[in-house]
Amino acid sequence: MGSKTLYDKLWDEHVVRVDDNGAVLLYIDRQLVHEVTSPQAFEGLRLAGRRPWRAAANLAVPDHNVPTRDLAAGITDPISRIQVETLDHNCADFGIREFPMADPRQGIVHVIGPEQGFTLPGATLVCGDSHTSTHGAFGALAFGIGTSEVEHVLATQCLIQRKSKTLLISVDGQAGPGVTAKDIVLAIIGEIGTAGGTGSVIEFGGEAIRALSMEGRMTVCNMAIEAGARAGLIGVDEKTIEYLRGRPYAPSGELFERAAAHWRTLVSDPGADFDRVVRLDASAIQPQVTWGTSPEMVVPVGGRVPDPRAEADPVRAEGIRRALGYMGLEPGTAIRDIRPDKVFIGSCTNSRIEDLRAAAEVVQGRKVADGIRLALVVPGSGLVKAQAEAEGLDRIFTDAGFEWREPGCSMCLAMNADRLEPGERCASTSNRNFEGRQGQGGRTHLVSPAMAAAAAVAGHFVDVREL
Amino acid sequence: MEPFENFTGVVAPLDRANVDTDAIIPKQFLKSIKRTGFGPYLFDELRYLDPGEPGMDCRSRPLNPDFVLNDPRYQGAQILLARENFGCGSSREHAPWALADFGFRVILAPSFADIFHNNCFKNGLLPIVLAPETVEGLFARSRGPQALRIDVDLPGQLLTLDDGTRIPFEIDAGNKARLLEGLDDIGLTLQHADAIRAYEARRQIEAPWLFAV
């Protein structure tokens, strides 16, 4: 048998059968469920008189619509409330484990999966959410699916799939101080583009990736989808295994050690063949700030907004022109001269304890600048919130003038009350700067937690290393 | 799902790259627990001048005259002509639901985002990948005073333009069969229930920790 990539190993272990057209019935070990993309799937089961194939393989949590303050008041938007209540009812009807809004373990689906040890190396894991790529940080094959496939997994524990291409992105050498996982992944997307990974599973490797904590690796894999990839993957090492030890849904005792022995094999073999390899030099990566309406529209913080007249490709030039118009920016503007109105620290990309620590370190002893109308910190889960409070991070934020909120997706996509007003500009640790993403007419600049915190205290984008 | 049948339809050219699913159907409409009724809100922020909210009656809303779907030439369009990486971003199946509910049956583009592409086939929507120069030519043709009309032949994997130009296209055999027969994927997969059970039995021995939740 020849050398295999990590993706080959995960794929081969999950093939149930291959049909005449070469399509594979792939077994799915885990499904995470949330309120937005599941109601129609449960309704489909109900209409067909079907039951879940293996209810215990699912874990549900409301996250997109949940309010981040006054939880006692419940959800005031009636349509949002119905959607969350529908999840509660569906989970009760179909026997699916749920962390409802009042549960201390509730949080963003991609934060609680790993936190609970529900996400395991070597597993296939899906969710009706594109940022399911996050879980690839554990050497799990994890990808987002649509609602029809959510129903398919509920009913059969399988999906009909075709194997993707493989892309190795090796980030070699060491990243400098102040350069985080978010900066690395934004630099990768800037390099390969938002369609650079289309049709591929990206494995992230190299010294700078190995050096990242599990939280950092989750940030990188989370944004694999912003490079268009089917999934992101990082090989298992001792950090992966130690992160999972003692987690509620991870195996325990002898079974954990037996699992860990297998997990240690979940790396690409030396000499394994990838369809494409891209190498980046970590030492050349600077803190990143997006200026446009696609994550690939990104420059180092010392840079300037581009000029469409310098772009030879007419479609790209028009894209730059349209993005600048939407963002209310003139060509050539220095990133440092851009002043946000709001700051959002949160989302499945950057709401874990390490993210909050990094932001708090910048904020400590400083105040939110006068021009900032709202600076929000939204922890990724109830457990992250409790941990941060135990460490006193909440006080650091509130003393500086940040608001300290309850967990949820919040202003990443503004399905709850947290949103930008038309024309407002935000320094955001989330993952998408699409038009209208954080509120109709809202303008998003994607940054790391430390860079968002720095922008909050400076009142404009600033290199966190010079603060 | 209704089987896909051949048709001749008007082409609406949406001339921008990286059209994301947030643009196709904004998040406020994702609060619906239904599968239908998204068509009036398709491209809501581009199509209307006022902010859209779920449940609004769109017939009296102010239209953006510069948006292609509001151009009189493209009324009743069933084919959307798009640029690269169409459907990027979120996995929301509400995007193909909205496109299909509006009346689109085919999307032509040089490339599609993976999840969106997959979601289309579950909803009777045919996404066709064409060479960039072919797409460029179709954009040029579709901007004339008369809308371009294309005949779509799925069994023959052939597009025929109104001037007789023929453009063959590729499609995965499984996806083609799924569209033509309007198949229920779950029912088909459940025909292999024994294979799934056999796989599970084997894995419970090989990797019992995956079944210990």
Side-chain angles (χ1 to χ4, degrees), chain A residues 16-17 19 21 23 25 27 29 36-37 39-40 43 48 50 56-57 65 79-80 82-83 86 118 120 122-123 128-130 144-149 151-152 155-158 160 162 194-195 198-199 228 230 249 251 255-256 258-259 262 294 315 319 322 413-415 432 434-437 440, chain B residues 15-18 20-23 26-28 30-35 45 51-52 54-55 83-85 88-94 96 111-116 118-119 122-123 172-174 177 184-190 192-193 195-196 198-200 203 206-213:
Chain A
V16 172
R17 72 183 292 278
D19 77 10
N21 291 320
L25 194 60
Y27 192 79
D29 295 305
V36 178
T37 56
Q40 300 86 352
E43 189 60 16
R50 291 177 176 136
N65 280 279
I79 313 177
S80 286
I82 289 169
Q83 196 165 52
T86 301
F118 186 78
L120 292 180
D129 191 288
S130 59
I145 56 177
T147 298
S148 294
E149 291 191 321
E151 182 182 344
H152 198 280
T156 70
Q157 213 54 49
C158 291
I160 301 160
R162 278 186 186 274
T194 47
T198 302
R230 190 82 182 107
Y249 296 121
L255 191 59
F256 185 89
R258 207 180 137 195
H262 177 64
S294 162
V315 174
R322 196 196 315 265
L413 86 167
M415 276 189 78
R432 291 194 173 128
F434 298 159
E435 290 183 18
R437 171 80 178 180
Q440 188 169 30
Chain B
D15 193 0
R16 55 199 289 176
N18 298 309
D20 57 77
T21 54
D22 278 82
K27 81 284 243 138
Q28 62 269 34
L30 273 52
K31 296 178 183 183
S32 168
I33 57 171
K34 301 201 175 86
R35 252 184 137 96
E45 288 183 14
R83 292 212 179 265
E84 60 265 31
N85 202 26
C88 62
S90 139
S91 67
R92 60 189 70 166
E93 199 162 315
H94 312 66
S111 62
F112 292 91
D114 287 340
I115 304 177
F116 174 82
N118 209 22
N119 283 340
K122 316 286 183 193
N123 294 284
D172 172 86
D184 168 18
D185 275 351
I186 294 175
L188 287 180
T189 296
L190 286 174
H192 305 292
I196 301 171
Y199 172 88
E200 285 179 326
R203 289 290 282 172
E206 287 173 2
W209 54 87
L210 288 172
F211 295 83
V213 282

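It should be emphasised that the depicted structure is a prediction, and the values quoted were computed from it without experimental measurement. Below, read A as the first sequence line, B as the second, and so on, with proteins coming before strands; counting in each chain starts at 1.
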task: Heavy-atom pairs under 4.5 Å with chain A are the metric here; pick the option from B:N85, B:T21, B:D172, B:I186 that has the most.
output: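 When all of B:N85, B:T21, B:D172, B:I186 are compared, B:I186 has the most.
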message: Could you work out, with salt bridge (charged side-chain N to carboxylate O under 4.0 Å, His left out) as the rule, every residue matching B:D184, not counting sequence neighbours?
response: A:R50
message: Assess whether a salt bridge exists between A:E435 and B:R16, defined as any Lys/Arg side-chain N lying under 4.0 Å from an Asp/Glu carboxylate O.
response: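 A salt bridge links A:E435 with B:R16.
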- prompt: Does B:D114 come within less than 4.0 Å of A:R230, counting only side-chain N to carboxylate O?
  reply: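 Looking at A:R230 together with B:D114, the answer is no, because their closest N to O distance does not fall below 4.0 Å.
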Which atoms of [X] are under 4.5 Å from chain B, going by heavy atoms: the side chain, the backbone, both sets, or neither?
X: A:R258; answer: both
X: A:E43; answer: neither
X: A:R437; answer: both
X: A:I145; answer: backbone
X: A:A23; answer: neither

Measure distances from [X] to the heavy atoms of chain A and classify the residue's part below 4.5 Å as side chain, backbone, both or neither.
X: B:P26; result: neither
X: B:D185; result: both
X: B:S90; result: both
X: B:A212; result: side chain

message: If you count heavy-atom pairs within less than 4.5 Å of chain B, which of A:T194, A:D19, A:T37 leads?
response: A:T194
Step-by-step side-chain contact (heavy atoms from CB on, under 4.5 Å) determination, B:Y199 to A:R17: CA-CA 9 Å; B:Y199 172 88; A:R17 72 183 292 278; over 6 Å; no
query: Is there side-chain contact between B:H192 and A:C158, with at least one heavy-atom pair below 4.5 Å?
result: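 No, their side chains stay 4.5 Å or more apart.
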- prompt: With distance as the sole test, does A:R432 use its side chain to make a donor-acceptor pair with the main-chain N or O of B:G89 at under 3.5 Å?
  reply: yes
query: Do B:R35 and A:S148 get their side chains close enough for a donor-acceptor pair, meaning under 3.5 Å?
result: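 Their side chains do contain a donor-acceptor pair, which is all the 3.5 Å distance test asks for.
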